[in-house]
Amino acid sequence: MSESPQEVSVWERQRALWRDNHVGLILAVMLAILIVGMSVLAYRQNRFRPPRFPDSRALHSQSKATIVVTGGDEIPESEALSIRVSGAANPKGSMYLAIYESATGFNEPDKAIARLRQGIVDGQSKFVLRAKDLPAKVAIAAYHDENEDGELNHNAIGIPTERYGFSGNARGTFGPPPFNDCVIDRPASGAIDLYIR
């Protein structure tokens, strides 16, 4: 089937119009914008920024803790504060706990007012302290060191493979939560419950 002269002339007119409007230049600019845009997106998506999860240094270090954990026998019940950490997957290893009193020292082991370690019984650890030894507001971090290597272990992309948690049940999206999300009022006695996952 052949095209009519009128259809050919319309087609020729359209081609001439495109040619007159510098279609090649417009397409080249659009292609350049597309390539630059895709390059920027690819760079932003693929550049490696390791996630900031808490590490074991934030929870304990070689230096001595400023508060000593006791079995609770020496502390009168009216002054005793129990910090119960639940959620351990198994009884292996130890539970590490760090207590912070200010945002400036949060997740810095040398600025924690206490770094404590306990065994695990029935999926939980219990730390007994004298309540008046702690400030009125505290932030608590804990993790389950299953393999007793003294570190919060991470997988290849930086996500922790051992359970951890913070007071106030705070969780960070791309790292540890900020101090203000973790800070809680310290009771005069009784218990604080903290869950790790």
Peer 1: Locate the shortest heavy-atom distance separating A88 from I120; write the atom from each residue and the value.
Peer 2: CB-CG2, 3.8 Å
Peer 1: Any donor-acceptor pair under 3.5 Å linking the side chain of R84 with the backbone of I192?
Peer 2: no
Peer 1: Can you see which heavy atom on P160 is nearest to which on H154, and at what distance?
Peer 2: N-CD2, 3.8 Å
Peer 1: Do you know which two heavy atoms are closest between A131 and L81, and how far apart they sit?
Peer 2: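 Smallest interatomic distance, heavy atoms only, reads CB-CB, 3.9 Å.
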Peer 1: Rounded at 0.5 Å granularity, tell me how far CD in E162 sits from CG in N153.
Peer 2: 4.0 Å
Peer 1: If you look at every heavy atom in R163 and G87, which pair is closest and at what distance?
Peer 2: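 In this case the closest contact between R163 and G87 is NH1-O, 2.7 Å.
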Peer 1: Rounded to the nearest 0.5 Å, what separates atom OG in S189 from atom CG in L129?
Peer 2: 13.0 Å
Peer 1: Within the distance-only criterion (no hydrogens, no angle test), does the side chain of S125 pair as donor or acceptor with the backbone N or O of G119 below 3.5 angstrom?
Peer 2: yes
Peer 1: Counting only heavy atoms not in D122, do more than 12 sit closer than 6.0 Å to its CG atom?
Peer 2: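 No, CG of D122 has 12 or fewer neighbouring heavy atoms, counting only those of other groups under 6.0 Å.
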Peer 1: Atom NZ in K111, atom OG1 in T104: separation rounded to 0.5 Å?
Peer 2: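 Result: 5.5 Å between the selected atoms.
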Peer 1: Do you know which two heavy atoms are closest between F106 and P178, and how far apart they sit?
Peer 2: CE2-C, 4.0 Å
Peer 1: Would you compute the distance between atom CG of L194 and atom CD1 of I140 and round it to the nearest 0.5 angstrom?
Peer 2: 6.0 Å
Peer 1: Check the pair Y143, Y164 against ring-ring contact (aromatic ring centres under 6.0 Å, His included), reporting the backbone distance first and the verdict last.
Peer 2: CA-CA 4 Å; Y143 86 97; Y164 67 96; 8.8 Å; no
Peer 1: Between R130 and E79, is the closest basic N to carboxylate O distance under 4.0 Å?
Peer 2: yes
Peer 1: Any chance CD of E148 has more than 12 other-residue heavy atoms, nucleotides or ligands included, within less than 6.0 Å?
Peer 2: yes
Peer 1: Hey, does D193 have a side-chain heavy atom less than 4.5 Å from the side chain of I83?
Peer 2: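 They are not in side-chain contact.
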Peer 1: So how far is it from Y96 OH to H144 NE2, rounded to the nearest 0.5 Å?
Peer 2: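 With rounding to 0.5 Å, OH (Y96) is 10.5 Å from NE2 (H144).
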Peer 1: Tell me if a side-chain donor or acceptor on D145 pairs with a main-chain N or O of S94 at a distance below 3.5 Å.
Peer 2: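 Judged by distance alone, no pair lies under 3.5 Å.
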Peer 1: Hey, mind stepping through S167 and I184 against side-chain contact (heavy atoms from CB on, under 4.5 Å) and telling me if it holds?
Peer 2: CA-CA 7 Å; S167 50; I184 58 171; 4.0 Å; yes
Peer 1: Can you confirm whether I33 sits close enough to V29 that some side-chain heavy atom of one is under 4.5 Å from a side-chain heavy atom of the other?
Peer 2: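 Side-chain contact under 4.5 Å: yes.
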Peer 1: Less than 4.5 Å apart, side chain to side chain, heavy atoms only: is that true for M95 and F127?
Peer 2: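 With C-beta onward as the side chain, the pair touches.
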Peer 1: Determine yes or no for a side-chain-to-main-chain donor-acceptor pair under 3.5 angstrom, with R186 supplying the side chain and V138 the backbone.
Peer 2: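 The answer is no, because no donor-acceptor pair under 3.5 Å joins these two groups.
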Peer 1: Go through the steps to decide whether F166 and N107 satisfy the test side-chain contact (heavy atoms from CB on, under 4.5 Å), and finish with yes or no.
Peer 2: CA-CA 11 Å; F166 295 89; N107 279 331; 4.3 Å; yes
Peer 1: Any side-chain heavy atom of N169 within less than 4.5 Å of one from R197?
Peer 2: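 Yes, at least one pair of side-chain atoms sits under 4.5 Å.
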Peer 1: For a quick test of reading the model, state the closest non-hydrogen atom pair linking S82 to V128 and the distance between them.
Peer 2: OG-CG2, 4.0 Å
